[in-house]
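The model shown is predicted, which means the values in this text are computed figures rather than measured ones. All chains are named by letter (A, B, ...) in the order of the sequence lines, taking the proteins before the strands, and each is independently numbered beginning at 1.
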Amino acid sequence: MRRILQKIIHKGLVTEPLKTEENQIKVLGERLNEVMRRRFQGSLAIRQVDAGSCNGCELEIHAMNNAYYDLERFGVHFVASPRHADLLLVTGPVARNMETALKMTYDAVPNPKRVVAVGDCAVCGGEFGISYASLGQVSNVIPVNVTVAGCPPSPTDIIRGILKAVQ
Amino acid sequence: MNFDLNEHLARLINDAGGKAEEVAGRPPCLRVSSTDWDLSVRVAVKADLRFLAVWASQEKTGFSIHAAFSQKEKGYALMTMQLDAGQDEFPSMVPYYVSSARMERVIHDMFGLIPVGHPDLRNWIKHEHWPDKTYPLRKDFPVATVMPRQEGFYPFIEMDGEGTHEIPVGPVHAGIIEPGHFRFIAVGERILNLEERLGYVHKGIEKSMEERDVFSASRLAARISGDATVAHSWAFCLAAEQAAGIGVPPRATILRAVLCERERIANHIGDIGAICNDVAWSFMHVQCQILRENLARLHGSLFGHRLMMDCVTPGGVTCNLDAEGIKSLLEQTQEVAREMNKLFQIYEDQTSIRERVIGSGTVDFENARDMGLLGYVGRSTECDIDARRDAAYAPYDKIPPAVKTCRGGDVSARLWIRFEEIQESANLIDKLLTEIPQGPIQEAWQIPKEGDGGFSAVESWRGEIATWIRFGANGKIDRSYVRDPSMINWMGLELAVRETVVPDFPLSNKSFNCSYSGHDL
């Protein structure tokens, strides 16, 4: 126990203020905080769906929860069921074998719902495009509100996309 | 690549009364007749050769079946047979090598060839809503074909004993992970059987590879599995460079290895944290995530990409390191290795955590050996397999890794091996970067002759990746096959969770951490 506490104290607080792209001083996190409090009573529930991604975007979505970005401090959290979600975060081109599952997940999210397509594949089909096995971008299958480009996009970009979707 | 095993296997087959012809082409392989296939596979299993993969390709007339084997330092062997025009059956390898089962199901799905003697020919990648008689990897099937949906049904294994029940899970899982379906048959909480149903993220990678030039194809290879992007790119490039007959500058091979070892460290750290999180030890998770992010940030600033995607390209690498870059990379690697060492000591002291991981999700040595389980999954149960040593590709021919194995085959053993491999990778990076020569980092690409190809085995953090490529006219890919280690390790997971309780499944699953995308392609 002593060593765990030592480690925690030694490591200190690494969490950073989130910066916006255009203005390094203005803090993205504060805006996110404000929107969360005003519109979502301080809590936004996200359900992530991999519709055919290579798992690269998932790594960066995971990174949003690490101590540097600490997305949960803004009241944004990931939930296990689409029925508890306000927002869907969808990655990957939509694999033909995932089409039904994606539509069912979308239908299971209560209205009003938002969809953020994360990563080049989800935005435009990316390297996989459209083929016998891939239906390409997410908006070919379900309505999309906000897109976040990048292969994969950085955690900050994804947070920015979430903010845009809920504003 | 070390193909010494070709000669050995040819001798064994000829001694057994078969006929194996050694072909010295690119890549070197053994040609056997379709009547000798069964005998040859039997010879291979008798000689304790490890099975890597079986795949098919379409020729000008008819189809070919290819298989790859290995035996530690003796290297690798490729065996191929051509089926006669109109022949659509070949002898199944499943009676000899159980891990060929799903690969032959894929051949059946994608080419419509029938492995005779296969015990289970249900569709695998081809889901129930695909039209019958669509064979995407045949040459008369355009990649952009729009397939109509049909009604269908996948017959899962059923069990109707008293008190048994089924638990379907997925394809969309509760966490931030890839999709796949698991069907548990359980009594109370105890798992009697787990049946995996994968293929949900099948994106047609093998088909999309065809008709691409080598640079476009290598971008696709980098996205076979995003977490092992360096290793997949490297495997692809090695095979392509073999086909083209070009060498890679020494500085570039060292940089490739450095990237690959860094990828190994990053993923091992991330997974150690995630496994501990699955037993509700968030302290370790938080610490590991911080270290992982530190690694990603340095990759971003040094290589221009947090996951180092597209850094390895045919002929070399795209990113160079200056003296300062080398210094910061070395310092951070050592710092991270030291931190992980301290975290390991803390981990060892946590009796409540140790109690959860010891004995859960066990695979014994015999089963692991028979399946050919790869990477940390195999090495945690005494399967001494490491492509860096066995295939001896540069720079590991000069700077070989110290391969560690251990007993146990449970979650605890898999964790231990990964802690150890972080230290070994840090040692390797230290050696690689102190010996890094000056010089170019790119060799000019040369278009391979039509029909030339290559085969490579690269040790990703997950285990051995096997890639086979053949070029067609004008330097366009004619056929590309890749076997991610997950193709085999997924089967190990089914075995590991038997007789454990359902709530322990996430723990076992995370400790295997197989790739869905790499498996489904």
Side-chain angles (χ1 to χ4, degrees), chain A residues 1 3-8 11 14 46-69 78-82 89 91-102 104-105 108 119 121 126-135 151-152 154-155, chain B residues 125 127 129-130 134 136 141-147 149 170-179 199-205 207-208 216 219-220 222-227 229 270 274 283 286-287 289-290 292-293 296-297 300 306-307 309-310 342-343 345-346 349-350 515-518 520:
Chain A
M1 198 64 209
R3 277 196 291 184
I4 292 183
L5 290 173
Q6 268 177 353
K7 186 91 204 157
I8 292 171
K11 187 74 69 175
V14 298
I46 297 181
R47 169 69 254 203
Q48 193 266 342
V49 183
D50 173 344
S53 143
C54 73
N55 205 26
C57 290
E58 277 65 32
L59 290 180
E60 295 298 50
I61 292 173
H62 271 296
M64 294 196 302
N65 286 320
N66 74 30
Y68 285 98
Y69 304 99
F78 288 85
V79 290
S81 168
L89 211 56
T91 60
V94 183
R96 184 193 154 90
N97 289 348
M98 271 302 286
E99 184 185 2
T100 309
L102 177 61
M104 284 170 75
T105 310
C121 298
E127 200 59 47
F128 303 101
I130 293 180
S131 73
Y132 75 94
S134 160
L135 303 169
C151 187
S154 68
Chain B
I125 295 296
H127 278 197
H129 49 78
W130 293 31
T134 38
F141 184 96
V143 62
T145 306
V146 179
M147 299 190 298
R149 290 184 80 87
V172 180
H173 296 303
I176 305 169
I177 53 168
E178 301 177 85
Y200 287 93
V201 286
H202 173 68
K203 302 178 276 281
I205 290 177
K207 186 74 181 179
S208 303
S216 159
R219 282 183 60 81
L220 193 56
R223 285 154 184 81
I224 288 169
S225 180
D227 45 29
T229 174
F283 160 78
V286 171
Q287 295 292 329
Q289 292 299 315
I290 291 172
R292 201 201 150 103
E293 177 69 17
R297 288 184 175 192
R306 285 164 51 92
L307 307 178
M309 209 171 249
D310 297 323
K342 281 187 207 146
L343 289 174
Q345 286 162 15
I346 296 177
D349 280 354
Q350 304 302 306
S515 164
Y516 298 72
S517 184
D520 297 349

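At least one side-chain heavy atom of A/C151 sits less than 4.5 Å from a side-chain heavy atom of B/M309.
Among B/V146, B/L307, B/T229, the residue making the largest number of heavy-atom pairs under 4.5 Å with chain A is B/L307. Note on B/I176, B/I177, B/D520, B/T145: by heavy-atom pairs under 4.5 Å with chain A, the leading option is B/I176. Heavy-atom pairs under 4.5 Å with chain A were tallied for B/I205, B/L220, B/D310, B/I224; the largest tally goes to B/L220. Taking chain B as the reference chain and counting heavy-atom pairs below 4.5 Å, the highest number among A/P82, A/C121, A/P152 is found for A/P152. Interface check for chain A: of the options B/P179, B/A144, B/G204, the most heavy-atom pairs under 4.5 Å are formed by B/P179. For the set A/Q48, A/M104, A/M1, A/R3, the entry with the most heavy-atom pairs within less than 4.5 Å of chain B is A/R3. With chain A as partner, the option from B/Q289, B/R292, B/Q287 having the largest number of non-hydrogen pairs under 4.5 angstrom is B/Q287. Here A/C54 is the residue among A/C54, A/A95, A/S53, A/G126 with the most heavy-atom pairs under 4.5 Å with chain B.
For B/R223, the parts lying near chain A are the backbone and the side chain together; criterion is any non-hydrogen pair under 4.5 Å. Only the side chain of B/Q350 comes within less than 4.5 Å of a heavy atom of chain A; its backbone N, CA, C and O stay farther away. Residue contact with chain B, scored on non-hydrogen atoms closer than 4.5 Å, involves the side chain of A/R47 exclusively. For chain B, no part of A/C57 is nearby; none of its heavy atoms comes within less than 4.5 Å. Of the two parts of A/L59, only the side chain, counted from C-beta on, holds a non-hydrogen atom closer than 4.5 Å to a non-hydrogen atom of chain B. Looking at B/M147, the atoms closer than 4.5 Å to chain A (heavy atoms on both sides) sit in the backbone and in the side chain alike. With a 4.5 Å cut-off on non-hydrogen atoms, A/V94 does not touch chain B at all.
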| field | Full working for side-chain contact (heavy atoms from CB on, under 4.5 Å) between A/I4 and B/I346 | value | CA-CA 7 Å; A/I4 292 183; B/I346 296 177; 3.5 Å; yes
| said: Show, in sequence, the C-alpha distance, side-chain angles and deciding distance for A/T100 and B/R149, and conclude whether the side chain to side chain donor-acceptor pair (under 3.5 Å) test is met. | reply: CA-CA 11 Å; A/T100 309; B/R149 290 184 80 87; 2.9 Å; yes
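For the residue pair A/S154/A/E60, the side-chain donor-acceptor check at 3.5 Å is not satisfied.
In this structure, CG in A/D50 is found 8.5 Å from CD1 in A/I61, a value given to the nearest 0.5 Å.
A tilted orientation is assigned to the rings of B/W130 and B/H202, their planes being inclined by 30° to 60°.
Checked against the 6.0 Å centroid criterion, the rings of B/Y200 and B/Y516 do not qualify as a close aromatic pair.
For B/H129, there are no ring-ring contact (aromatic ring centres under 6.0 Å, His included) partners at least two apart in sequence or on another chain. For A/K7, the salt bridge (charged side-chain N to carboxylate O under 4.0 Å, His left out) test picks out B/E339, with sequence neighbours left out.
With respect to B/K203 and A/E127, no salt bridge is recorded, no charged nitrogen being found less than 4.0 Å from a carboxylate O.
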